[in-house]
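Bear in mind the structure is a predicted one, so any value in this text is a computation, not a measurement.
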Amino acid sequence: MVRRSRRQKLQNLTRLCIQEEGLRVKRSCPSGGLEAGNEKEGGNPISVQLFPPELVEHIASFLPVKDVVALGQTCHYFHEVCDAEGVWRRICRRLSPCVRDHGCGARPWKRAAILNYTKGLYFQAFGGRRRCLSKSVAPMLAHGYRRFLPTKDHVFILDYMGTLFFLKNALVSSTLGQIQWKRACRYVVLCRGAKDFASDPRCDTVYRKYLYVLATREQPAVVGTTGSQTCDCVEVYLQSSGQRVFKMTFHHSMSFKQIVLVGQETQRALLLLTEEGKIYSLVVNETQLDQPRSYTVQLALRKMSRCLPHLRVACMASNQSSTLYITDQGEVYFEVHTPGVYRDLFGTLQAFDPLDHQMPLALSLPAKVLFCALGYNHLGLVDEFGRIFMQGNNRYGQLGTGDKMDRGEPTQVHYLRRPTALWCGLNHSLVLSQTSNFSKELLGCGCGAGGRLPGWPKGSASFVKLHIKVPLCACSLCSTRECLYMLSSHDIEHCPVYRDLPASRVGGSPEPSQGTGAFQDPRGTAQACEEYLSQIHSCLTLQDRMAKMKEIVGWMPLMAAQKDFFWEALDMLQRAATGSSPGTSNPES
């Protein structure tokens, strides 16, 4: 009986498919008096609106995500169909069958489906013969990618459900039967219930021996109480093996959301940001973490929260010897712990107090700051209007200002606007931006040694387009000594929205005008062009003049499409001058 019923269902489905092949489905008004019987006589077509909405949504859920989005942009009817939560629920379960909890928000299933569709970790090694973009293994259990951190040997990824994944480098067999070393090709679950994680803040991953994980754990009931309690804790893992070596648990009344590290190994300070915007700190000795013993550490309120109790800190950033705080109102405060870094950042030691390293210093900015990037001795800030401000040491041109003069206060980079992400390293900076056709490109400046600026081995004092393919949904990046990493993920509920700059500020500032893209100061522009010509004239060979001209194009306040045009034209002229074929190009590009 069961086989007979299944056979009948299959026959009915086959008959329905044959009937539908003869119909010309076209969207039209349902009140047009359509009849299916007239199709043999060349009558009116069948309207898609005559089908039940549930059936149309079910059919649309089998389409790829990009086709669902494209179909929803055709008309109002398909927009409502493709935007239904039922469609995205089926897509999400097809993409990630292991995801049970879709989260919260206005559109939970659509958000979950897009998070899992766009997730990916891409990397490009600086050394070796093959310099192409590769993709790491994608954990099936991951619910999108929220953060990542490369360490000495491996990569750690945190998803939106609080699961921390351990992506390992390993020896694998290639298609030709050869054994080769591959990055991030295997994964395991390190822990669950994680809120944030951090490691040594220095740019060199060699120093990242331990991984500090801020997590939530259930604690057993204490004598005299009923039921268990949820407490925040910090767990310390060895990055090489994933073994937990240390754990500290806090009182259940304290809830944290972010952790950063600062200081040397013997005096490692852990800064913890609470949900209320207060900062607490404790000091541990990393050289003693692997010893099997128990001791108590003291958790104290940071001076930033003691001296300015009315301020609510939204996020933190740190390196080995400084910390940066951004409040919920977009104000920026700094802690600098060494005189050398203080001199590089501010150009003087006048206000530096060697006896009080925790005293916060306010940075003067004209607008609210949304996010930042902190390098060893320079930093970058992005305000609510999408403007980029750089400050600090500029020995290698890592500020992108077109010269190599240090800046003791935030200085705007006028030819860059509305970045997706900003990253500052030891002596170079990277900006991830979106072009007019919604594709992504990666710009870089500073030192180019070791291939850290692909396509620009000599470096650049201004932001230039790097020769690297950028994923469409790339949202964050990180560069190490060996590799460049880009995280791909799109969250429909947390997209950075920049405001339009008021007309009064545009007219009174030396920024490029929106109509022409040129500076409004003609005298300064003429002087800059004369300086550019003198620099080109000082070059001895044609090769050097072409390279200098490409660098100058990156300095000039042009649109991204105009810069790409000039760079491509210069490449064509250079190939013609050297006698190479027009179809051949640089392998790095």
Sidechain N-carboxylate O distance under 4.0 Å for Arg146, Asp159: no
Can you establish whether the number of heavy atoms outside Arg192 located under 6.0 Å from its atom CZ is more than 12? no
Closer than 4.0 angstrom, basic N to acidic O: yes or no for Glu493 and Arg111? yes
Any donor-acceptor pair under 3.5 Å linking the side-chain atoms of Gln264 with those of Gln320? yes
Within a strict 4.5 Å, meaning less than it, do heavy atoms of the Thr163 and Leu158 side chains meet? no
Less than 4.0 angstrom from a charged side-chain N to a carboxylate O is my criterion; do Arg417 and Asp383 meet it? no
Is the number of heavy atoms from other residues, nucleotides or ligands under 6.0 Å of Lys247 NZ greater than 12? yes
Electrostatic pair Glu235:Arg244 at N-O distance under 4.0 angstrom: yes
For the residue pair Leu115 and Ser489, what are the closest heavy atoms and their distance? CD2-OG, 3.6 Å
Determine whether the aromatic ring centres of His428 and Trp423 lie less than 6.0 Å apart. yes
Parallel, tilted or perpendicular: which one describes the rings of Tyr485 and Phe123, with boundaries at 30° and 60°? tilted
Is it true that the side chains of Gln398 and Tyr376 contain a donor and an acceptor less than 3.5 Å apart? no
Do we see a donor-acceptor contact under 3.5 Å between the side chains of His378 and Ser429? yes
Answer yes or no: does atom CZ of Arg306 have more than 12 heavy-atom neighbours from other residues, nucleotides or ligands under 6.0 Å? yes
Does Glu335 pair with Arg302 as a salt bridge, N-O distance under 4.0 Å? yes
Please determine, by modelled atom types, if Asp153 and Gln239 share a side-chain donor-acceptor pair under 3.5 angstrom. yes
Have Glu441 and Thr435 got a donor and an acceptor in their side chains that come within less than 3.5 Å? no
For Lys195, is there an ion pair with Asp232 - N to carboxylate O distance below 4.0 angstrom? yes
Throw together a table of side-chain donor-acceptor distances under 3.5 angstrom for residues 346-354, partners on residues two or more places apart or in other chains.
| residue | atom | partner | partner atom | Å |
| --- | --- | --- | --- | --- |
| Thr348 | OG1 | Gln350 | N | 3.2 |
| Asp353 | OD1 | Leu355 | N | 3.1 |

So with a 6.0 Å cut-off around CD of Glu218, is the heavy-atom count from everything else above 12? yes
Option among Phe148, Tyr237, Phe156 that satisfies the ring-ring contact (aromatic ring centres under 6.0 Å, His included) test with Phe166: Phe156
Is the shortest side-chain heavy-atom distance between Asn394 and Thr401 below 4.5 Å? yes
What do you reckon, is CD of Gln535 surrounded by more than 12 foreign heavy atoms closer than 6.0 Å? yes
Does the side chain of Asp200 come within less than 4.5 Å of Leu261's, by heavy atoms? no
Would you say Phe334 has more than 12 foreign heavy atoms packed within less than 6.0 Å of its CZ? yes
Answer yes or no: is there an ion pair linking Arg202 with Glu265, defined by an N-O contact shorter than 4.0 Å? yes
Would His337 and Ser322 count as a side chain to side chain donor-acceptor pair (under 3.5 Å) if you check the C-alpha gap in whole Å, the side-chain angles of each, and the deciding distance to 0.1 Å? CA-CA 6 Å; His337 305 157; Ser322 59; over 6 Å; no
Give the intermediate values and the outcome of side-chain contact (heavy atoms from CB on, under 4.5 Å) for residues Glu482 and Phe126. CA-CA 6 Å; Glu482 304 87 8; Phe126 295 141; 5.6 Å; no
Would a 4.5 Å heavy-atom cut-off, applied to side chains only, mark Val213 and Leu164 as touching? yes
Would you mind checking if Asp344 and Arg395 are paired as a salt bridge, meaning a charged N to carboxylate O distance below 4.0 Å? no
